[in-house]
Amino acid sequence: MRRGLGRAEIAARAAVFDEIVGKLVSMDRHGDRDRDRERTDTDIDIQSDRQIDRGTMSTQEESRHEERNRIGCSEMTRSRLADMASTDVEMRVDIDPDRRWEDLYRLLDRPGPSAGPNFFPGSDTKDLLHNMIRVLVVGAGGLGCELLKDLTLLGFLNIDVIDMDTIEVTNLNRQFLFRKGDVGQSKAVVAANFINSRVPGANVTPHFCKIQEKDSEFYQQFQIIVLGLDSLEARRWMNDMVCSLAQFDDEGNIEPGSNIPMVDGGTEGLAGHVNVIYPFVTPCFECILPLFPPQVNFPMCTLADIPRTPAHCVEWAKQLEWDRVRPFGDDTDLECDDPKHMQWLYETALKRAQQFGIEGVTLKFTQGVAKRIIPAIAATNAIVAAACANEVLKLATAVSRHMSAESGGHYMMYQGGDSIYTNTLSHERKDDCPVCGRKAVKIHVHEDITVAQLIELMKEDARLRLKNPAISVPADTSSGMKTIYNPHVKSILEKTRENLDHPISTWLRTSGVELTVDDPVMATQKQVLVMFP
């Protein structure tokens, strides 16, 4: 079934299904003879018509008739229904517009004990939901498909969806908005078209690109943002972008409407979470980053000298061989979501595995190791997406209090491994958070530390966990800053690469100077305060 159904629609669809089954049974009993009789103007008794037809049947027709009797009408009916399913025939039912949102309006038309203080039952809230609220869904994968379905069936008709991925065959077992014929096409485009064609009035706008390709003006258009991502880096970037949009008045109060709420959903096998983030009110994603342990790394000596497992071969290609070969140019970083990059990684890891007699390196395995993928469970996606959509409805209409510290917690954990278990809790905002705290991260180092060593230190620091930072220092220039290392632009990289071996004190003469850091996991620049002994 492609979409969730209300009670009225289930009854209507059941009636249509019964009618179809009845027609198929009739066709199985009477075959082509019924159509022949419809072409005549004379009513003929059914029994005598059967006798006439039996007398004029050819040998082939009689064999077919006997075969039908042998198989039975019920099996013939199931066979035809299976044929309809295999050809992707849609059994759509027109729903009475007045009853379409019947269950939803029972909540929105009257006050309730759990409603928030800003809830105003009636037509204004319904109009707000259907016509004025604009939601951004980030990600159109397993969680994103569920989110799009849930949100539109909850009445959110103005939705944008952004995703850079294309559909693969392996997606089809759980990402139900896609079909085999969609393989190779944009997830965002196909998902939007599917929802628009199935949900009357839905206006889902797709964006087939990276989230980093959109500027702050794009993200400011939305009243609520929902994340259905499978990457910590993407979550951190979105968190930084949303927090950067918040504006403050002269007294330090948040300008109304500038802190866009964000609902972050995530799944990992049979576990999942829902986190409601209100910038500068609740902890941001960066505040709770320590909850997500750093990725497991293999010893370099094992990767370089004596690989023993398929994972060692993949990590060798990813961590060592990519930087040595730079197959797509010196200024191109490895993107695990790029099919060309993953194909190169797979082929390189496969050669390494064959050299050491290791089996098990496949493209799917390479993707799993490179992206730290844990197999997705469709049921977990459905549960977490439903919880996310529930929070979006609360945020949009105040029909109930959304997850927050006051209501019992802003962060819901789901564990389905041993049993069904959920717990809702709250975390504290970090005063020194580089994102929502907007403060420089203080690092204590020796004066002799090189730029390269400082970069590695910032990558390992639990407060920063940077990926590939560019560094600028205060200087007497027109911009007031001087770039001492930038790996993101080829021309600048060639000029600044030699600075990696120089002590940072070459540019920082005193302690307590702030560096400006620009990193792919952050949407905005961050400050690092360097302290010498």
Side-chain angles (χ1 to χ4, degrees), residues 212 232-233 236-237 239-240 244 286-287 289-290 292-301 303-304 315 318-320 322-324 326 330-334 430-477 479-533:
Q212 293 86 351
L232 283 181
E233 293 178 5
R236 294 181 66 188
W237 194 93
N239 175 74
D240 191 28
S244 71
E286 204 73 18
C287 290
L289 189 61
F292 300 87
Q295 297 174 344
V296 177
N297 294 315
F298 299 98
M300 283 296 178
C301 58
L303 301 181
E315 288 292 341
K318 178 183 177 183
Q319 297 187 34
L320 301 178
W322 177 277
D323 288 335
R324 187 184 72 82
R326 287 287 174 175
D330 291 342
D331 58 343
T332 303
D333 293 328
L334 175 62
K430 294 173 59 178
D431 293 335
D432 60 347
C433 175
V435 177
C436 69
R438 295 190 174 183
K439 295 181 179 179
V441 175
K442 186 181 295 186
I443 293 181
H444 295 270
V445 297
H446 195 273
E447 296 178 358
D448 295 335
I449 191 173
T450 65
V451 174
Q453 291 171 332
L454 178 62
I455 290 175
E456 290 302 315
L457 184 63
M458 289 191 292
K459 288 180 180 180
E460 297 171 0
D461 193 299
R463 298 166 298 173
L464 292 170
R465 285 166 67 168
L466 302 181
K467 180 181 179 181
N468 195 19
I471 301 176
S472 300
V473 297
D476 187 15
T477 62
S479 64
M481 301 296 294
K482 175 182 175 61
T483 300
I484 61 174
Y485 180 67
N486 188 337
H488 309 139
V489 182
K490 183 177 180 180
S491 58
I492 303 179
L493 174 62
E494 293 175 350
K495 296 178 181 179
T496 59
R497 195 196 307 269
E498 61 182 16
N499 293 338
L500 290 173
D501 297 328
H502 294 292
I504 190 64
S505 57
T506 304
W507 298 274
L508 304 183
R509 300 297 184 182
T510 60
S511 177
V513 178
E514 288 188 0
L515 302 178
T516 298
V517 177
D518 193 358
D519 192 82
V521 300
M522 298 292 186
T524 59
Q525 295 178 334
K526 295 293 175 280
Q527 306 302 122
V528 175
L529 185 65
V530 179
M531 303 298 295
F532 296 144

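Every heavy atom of this structure was used, including side-chain atoms; hydrogens, water molecules and symmetry mates were not. Counting begins at 1 with the first residue of the sequence.
The stretch residues 453-464 participates, sequence neighbours left out, in these salt bridge (Lys or Arg N to Asp or Glu O under 4.0 Å) pairs: Glu456-Lys459, Asp461-Arg463.
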Inset, instruction - Verify side chain to side chain contact (heavy atoms under 4.5 Å, CB included) between Arg465 and Val521, making sure each step is shown before the conclusion. - result: CA-CA 9 Å; Arg465 285 166 67 168; Val521 300; over 6 Å; no

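In plain terms, the two heavy atoms of Lys467 and Pro469 that are nearest each other are C-CD, 4.0 Å. A pairwise comparison of heavy atoms in Thr332 and Arg326 identifies O-NH1, 2.7 Å as the closest pair. Between Pro487 and Leu493 the shortest heavy-atom distance is CA-CD1, 3.8 Å.
Between Asn239 atom CG and Cys287 atom SG the span is 8.0 Å, to the nearest 0.5 Å. With values rounded to the nearest 0.5 angstrom, Asp448 atom CG is found 12.0 Å from Ile504 atom CD1. Annotation: the span from Lys482 atom NZ to Asp476 atom CG amounts to 11.5 Å, rounded to 0.5 Å. Atom CG in Asp519 sits 10.0 Å away from atom CD1 in Ile455 (nearest 0.5 Å). Expressed to the nearest 0.5 Å, how far NZ of Lys318 lies from CG of Leu334 amounts to 6.5 Å.
Residues meeting the side chain to side chain donor-acceptor pair (under 3.5 Å) test with Asp432, sequence neighbours left out: none. In terms of the side chain to side chain donor-acceptor pair (under 3.5 Å) criterion, residue partners of Thr483 (sequence neighbours excluded) are, by chain and number, Ser472. Remark: Pro434 engages Glu286, Val441, Lys526 in a side-chain contact (heavy atoms from CB on, under 4.5 Å) (not counting sequence neighbours).
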Would you give me the side-chain donor-acceptor pairs under 3.5 Å for residues 505-516, sequence neighbours excluded?
| from | atom 1 | to | atom 2 | distance (Å) |
| --- | --- | --- | --- | --- |
| Ser505 | OG | Glu447 | O | 3.0 |
| Thr506 | OG1 | Pro503 | O | 2.8 |
| Ser511 | OG | Phe532 | N | 2.9 |
| Glu514 | OE1 | Gln527 | NE2 | 3.4 |
| Thr516 | OG1 | Gln527 | OE1 | 3.4 |
| Thr516 | OG1 | Gln527 | NE2 | 3.3 |

For residues 495-502, tabulate all N or O donor-acceptor pairs below 3.5 Å that involve a side-chain atom, not counting sequence neighbours.
| from | atom 1 | to | atom 2 | distance (Å) |
| --- | --- | --- | --- | --- |
| Thr496 | OG1 | Asn486 | N | 3.3 |
| Thr496 | OG1 | Ile492 | O | 2.9 |
| Asn499 | ND2 | Ile484 | O | 2.9 |

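Not one N or O on the side chain of His488 forms a donor-acceptor pair closer than 3.5 Å with the backbone of Asp333.
Under the side chain to side chain contact (heavy atoms under 4.5 Å, CB included) test applied with Leu529, the options His444, Lys442, Lys439 reduce to a single match, Lys442.
Side-chain contact check for Val528 versus Leu454: every heavy-atom pair is 4.5 Å or farther apart.
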